Amino acid sequence: MNGYVLGSEDDFYKFVNSISKKDKIGVVTHTDVDGIVSGIFLQKILEFKGLKIEFMEFLNYGPGTLKEVIKKEFDVLFFTDWNADNYPEDLEEIRNKSRFLVFDHHPPNEELKNKSGIIKTESNYCSSHALFDLAFKGKFFDTKKWSWLASAAIISDYTWDKNPDNFEFLKSVYPKIVKDKSIWDSEPGKIGKKINNALIYYSPDFNRIYNLVLIKDLTSLNRADKVIRKEIEVWIDKFKREAEYFSEQKLYFAYGNPKYNIVSVIASKLSDESFRENTVVLISDMEDKKGFVKLSARNQTGKIDLGKLLKKCVKGLKDSNAGGHPRAASAIFRKKDLSKFKENLINNINFFI
Ligand SMILES: [Mn+2]
């Protein structure tokens, strides 16, 4: 059964019930499908309670990324699909300033001392799905009308094959759905890809996609979807040809700079379709942070904990940041530390198997 690893459903209901109409509410959510969808479900829950969201921020991970949010005015801050516990100092600052609730499914930061205000579901129970279930149980909105969107998030976040509950849910909405690669071409699979591609195309205007999905206008995303799909195909071929292979580590390692922010999608696709028994690590320059690179790591075998591995590999690198799930994780660090990082990765990866 899908469950909670920190806090509970009750903690969520209690927190929401404790908010007054005078409170200024801010929401921080992630820039992927689960981020958009969990933001929408949270908004609908709050609206049912007569509460209005003052601002919603769509944030990528990275050092210093919370600083701008902290400067804003708010009484209550929500995080959905966003592991703020990975930023202990910023979180303490927020704690001193306002009330907050982290509602997330990324593995909790073990080093965080004060865990109040943090609700964590299991890694395989994505935030959209968990909020959807909370909304269903609390009768906050007509969840039946939104099950297509919850399904799209479940497929996009790769939780459908990890826990039988999740596939059961998909099957209850789409009886003909099949538990294999064809799921990406199912109706909710396509919706998930379309939203994700549009997020990439219009980045950093994530608000635009959020508002379109909120009114169920997916047609307006068609053109962006098409452009990004083409670009992904081109770069999959390129990375396949150019990746370095380390046989002892069963590791594919590549660096490249596509025009759009498609590296994490490509890492997922390569690891899913071509290199299922390997670790795939792709690195590219950060557009919005000069002198920094970002990295996407994938390994579908379940034999390795990539979140922990990356944390170990960036240890000691200045202004670095790493985290994520066992099968999908990411990191950010200075470009000049690239060779040091690579050395750490090659030396450490086999200890994490
Ligand atoms: Mn997620």
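All residue numbers in this chain count up from 1 along the given sequence. These numbers were taken from a predicted model, which means no experiment stands behind them. Indexing begins at 1, ligand by ligand and atom by atom, following the structure's order.
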Residues Lys269, Ile236; criterion side-chain contact (heavy atoms from CB on, under 4.5 Å); working and verdict: CA-CA 8 Å; Lys269 269 181 101 70; Ile236 281 201; 3.7 Å; yes
Cation-aromatic face contact Lys259/Trp235, 6.0 Å, 45 degrees: no
Apex the Mn ion (ligand 1); atoms Asp34 OD2 and Asp81 OD1; angle rounded to 10 degrees: 90°
N/O/S from His105 sitting under 2.8 Å away from the Mn ion (ligand 1): yes
For the Mn ion (ligand 1): the N/O/S atom of Asp157 at shortest distance: OD2
Check: Thr29 side chain, Thr80 main-chain N or O, donor-acceptor pair, under 3.5 Å: yes
Any Tyr61 side-chain heavy atom under 4.5 Å of Trp82 side chain: yes
